[in-house]
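Structure first, commentary second.
Given the structure is predicted, the values throughout are model-derived calculations rather than measurements.
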Amino acid sequence: NDVQKSKKRLIVSALCIVGLCLLLIVNWISLHRINENNVEKIQIGNSQTASGFNTEETAKFIELFNSASYTGKANEQGITPAWDIYVYYRDGSYLIVSDASGVGNFEVRLRDAFLRTAHYYIHSEELETFLLGLMNKP
């Protein structure tokens, strides 16, 4: 009887550990990807007068951002970017994607309505080409 109780405890403990690991993975992914359904608007800069991306530009930005390579946690030294892209979420959170040194390199900072933060680097030459094209259009 004690052996059965020990086995049950072991199984329950293992399931709890697996569940916790899954929650951590989902949380990590949610900090490093953009869910289009949660986006209120995306714009270049933080000015109240800045025009937001149109529907097609928003979809393309999200696609390119989500396919970018994660290159590591930011070192907290900060950069002086030439430009910033602001992604505003419906819940009041926002994501700042900044130009970083080197072709296709970006610094990403998240300020979440749930008080979560993330600060990391991504790489995508396609995303940089897309954004520079938007900035250079008349």
Is any side-chain heavy atom of Tyr89 closer than 4.5 Å to a side-chain heavy atom of Leu95?
yes

Starting at CG of Leu131, measure out to CG of Asn136 and round the result to the nearest 0.5 Å.
11.0 Å

Trace of the side chain to side chain contact (heavy atoms under 4.5 Å, CB included) decision for Thr71 with Asn105
CA-CA 9 Å; Thr71 56; Asn105 293 323; 5.6 Å; no

Among pairs that include at least one residue of residues 53-72, which meet salt bridge (Lys or Arg N to Asp or Glu O under 4.0 Å), considering only residues two or more places apart or in two chains?
Glu57-Lys137, Lys60-Glu63

One should read off an interatomic distance between Tyr86 OH and Gln43 CD, to the nearest 0.5 angstrom, of 9.0 Å

When rounded to the nearest 0.5 angstrom, what is the spacing between CD1 in Ile122 and OH in Tyr70?
11.0 Å

To the closest 0.5 Å, what do you measure between CG (Leu64) and CD (Glu128)?
12.0 Å

Take Leu132 and Trp83 through the side chain to side chain contact (heavy atoms under 4.5 Å, CB included) test and state the conclusion after the steps.
CA-CA 10 Å; Leu132 291 175; Trp83 45 263; 4.1 Å; yes

Pairwise side-chain contact, Phe106 with Ile85, heavy-atom cut-off 4.5 Å (strictly under)
no

Could you tell me which non-hydrogen atom of Asn37 sits nearest to which non-hydrogen atom of Asn35, and how far apart they are?
N-OD1, 2.9 Å

With rounding to the nearest 0.5 angstrom, report the CD1 to CZ distance, Ile62 to Arg33.
11.0 Å

For Val103 and His123, the nearest pair of non-hydrogen atoms, with its separation, is O-CE1, 2.9 Å

Can you give me the closest heavy-atom contact between Glu107 and Ala100, atom names plus distance?
N-CB, 4.0 Å

Step by step, would you call Val108 with Tyr121 a side chain to side chain contact (heavy atoms under 4.5 Å, CB included)?
CA-CA 6 Å; Val108 180; Tyr121 297 110; over 6 Å; no

For the pair Phe61 and Leu134, evaluate side chain to side chain contact (heavy atoms under 4.5 Å, CB included) and give the outcome as yes or no after the intermediate values.
CA-CA 10 Å; Phe61 176 85; Leu134 284 179; over 6 Å; no

Can you tell me if Asp99 uses its side chain to pair, donor with acceptor, with the backbone of Ala82 under 3.5 Å?
yes

State, to 0.1 Å, how close Asn66 and Ile34 come at their nearest heavy-atom pair, and which atoms those are.
OD1-N, 2.8 Å

Side chain of Arg111, backbone of Ser93: donor and acceptor closer than 3.5 Å?
no

Phe53 vs Phe130 aromatic rings, parallel, tilted or perpendicular, using cut-offs 30° and 60°?
perpendicular

